[in-house]
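Accompanying notes for the structure given below.
Being a predicted model, the structure only gives us computed values, none of them experimental.
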Amino acid sequence: MFCVYKYPSLGIKLSEGSVGQVKEWLYFKSIDVEIIIPPDKDFDIVPLMKDQLIVIMHSNHPLYEKDTIGIPDLQDEDIVLGRGGYEVQVHDLFKDFNLKPQIRFEVDYIDTALSVVQGGLGITITTKKTFYHCQNK
C-alpha cells in the first residue's frame, strides 16, 4: 500500500465481498479497482502475482506419503472447498480430466477448512501463499 505513504491525503476504502459481488461492484462502478481470483475476461486484467495451488490433508491420509498428487488421485476424495475465489480453478482442474470434485463442505475461511481437514473429514485445495500466511498468524 505504498500509495498511502506517497499520497497521504488520498482516501482509500477497502471493501470485501464474494467474487460475484466484487465483479458487480466494478461493473456498476461502485468501485474503481478490484483484486480478484480468478482473472476475468470481462475486465482488463493486470496480474499482481502468481501462486500455486496445493492440496492439504491430514497426516494419516492415504495420499499423504505420495510425492506428487494428480487430480485423478482426488476424484473420490471429500473436498473442503473454500469460497475465497479458488472455486473456479478447482472445478476447472477437475473438468480438464473429465471429473467432478466431490465437494463435502463449503466454507468461507481457510481456518475453517484447515480445522475440518485436521479432523480427518476431507482434504482442501488452496494456494501456497494462503496456507503459509495462515500458518504464520
Seminar exercise, completed: Note: Phe105 and Leu121 closest approach over all heavy atoms is CE1-O, 3.7 Å

For this session: Please answer: with hydrophobic residues joined when any side-chain heavy atoms are less than 4.5 Å apart, are Trp25 and Phe28 in the same cluster?
Result: yes

Seminar exercise, completed: What one should report as the nearest heavy-atom pair of Lys129 and Lys50 is NZ-O, 3.1 Å

For this session: Could I get the full list of salt bridge (charged side-chain N to carboxylate O under 4.0 Å, His left out) partners for Glu106, not counting sequence neighbours?
Result: Arg83

Exercise. Where do Leu63 and Ile69 come nearest, in terms of heavy atoms and distance?
Worked result: O-CD1, 3.8 Å

Exercise. Is any side-chain heavy atom of Lys100 closer than 4.5 Å to a side-chain heavy atom of Phe94?
Worked result: no

Exercise. Which distance, rounded to the nearest 0.5 Å, do you find between the NZ of Lys13 and the OG of Ser30?
Worked result: 8.5 Å

Problem set entry | Hydrophobic cluster identity match, Tyr109 and Val90, side-chain contacts under 4.5 Å | no

Problem set entry | Arg104 and Val80: CA distance, side-chain angles, deciding distance, side-chain contact (heavy atoms from CB on, under 4.5 Å) verdict | CA-CA 6 Å; Arg104 178 140 187 225; Val80 183; over 6 Å; no

Seminar exercise, completed: In this structure, CG of Leu81 is separated from CD of Gln102 (nearest 0.5 Å) by 13.0 Å

For this session: List the atom of Pro72, the atom of Leu99, and the distance in Å for their closest heavy-atom pair.
Result: CA-CD1, 3.8 Å

For this session: With side-chain contact (heavy atoms from CB on, under 4.5 Å) as the test, would you mind laying out the steps for Gln52 and Thr127 before giving the verdict?
Result: CA-CA 5 Å; Gln52 187 176 33; Thr127 64; over 6 Å; no

Problem set entry | Worked verdict on Thr126 versus Leu53 for side-chain contact (heavy atoms from CB on, under 4.5 Å) | CA-CA 5 Å; Thr126 190; Leu53 288 174; 5.9 Å; no

Problem set entry | Beyond-backbone contact of Leu114 with Ile56, side-chain heavy atoms, under 4.5 angstrom | yes

Seminar exercise, completed: Between the CD atom in Glu87 and the NE2 atom in His91, the distance rounded to the nearest 0.5 Å is 7.0 Å

For this session: Kindly indicate whether the side chain of Leu14, heavy atoms from C-beta on, has any atom under 4.5 Å from the side chain of Ile12.
Result: yes

Problem set entry | Interatomic spacing from NZ in Lys66 to NE2 in His61 - rounded to 0.5 Å | 11.0 Å

Exercise. Can you tell me how far the CD1 atom of Ile125 sits from the CG atom of Leu93, to the nearest 0.5 Å?
Worked result: 7.0 Å

Exercise. Has Asp32 got more than 12 heavy atoms of other residues, nucleotides or ligands less than 6.0 Å from its CG?
Worked result: no

For this session: Could you check Ile71 against Asp96 for side-chain contact (heavy atoms from CB on, under 4.5 Å), going step by step and ending with a plain yes or no?
Result: CA-CA 9 Å; Ile71 294 301; Asp96 289 345; over 6 Å; no

Exercise. Between Gln118 and His58, what is the shortest heavy-atom contact and its length?
Worked result: O-CD2, 2.9 Å

Seminar exercise, completed: Closest heavy-atom pair, Val117 versus Thr124, reported as atoms and distance to 0.1 Å, is CG2-N, 3.8 Å

Exercise. Is any side-chain heavy atom of Val55 closer than 4.5 Å to a side-chain heavy atom of Leu74?
Worked result: yes

Problem set entry | Path from Val22 to Val46 over hydrophobic side-chain contacts below 4.5 Å | no

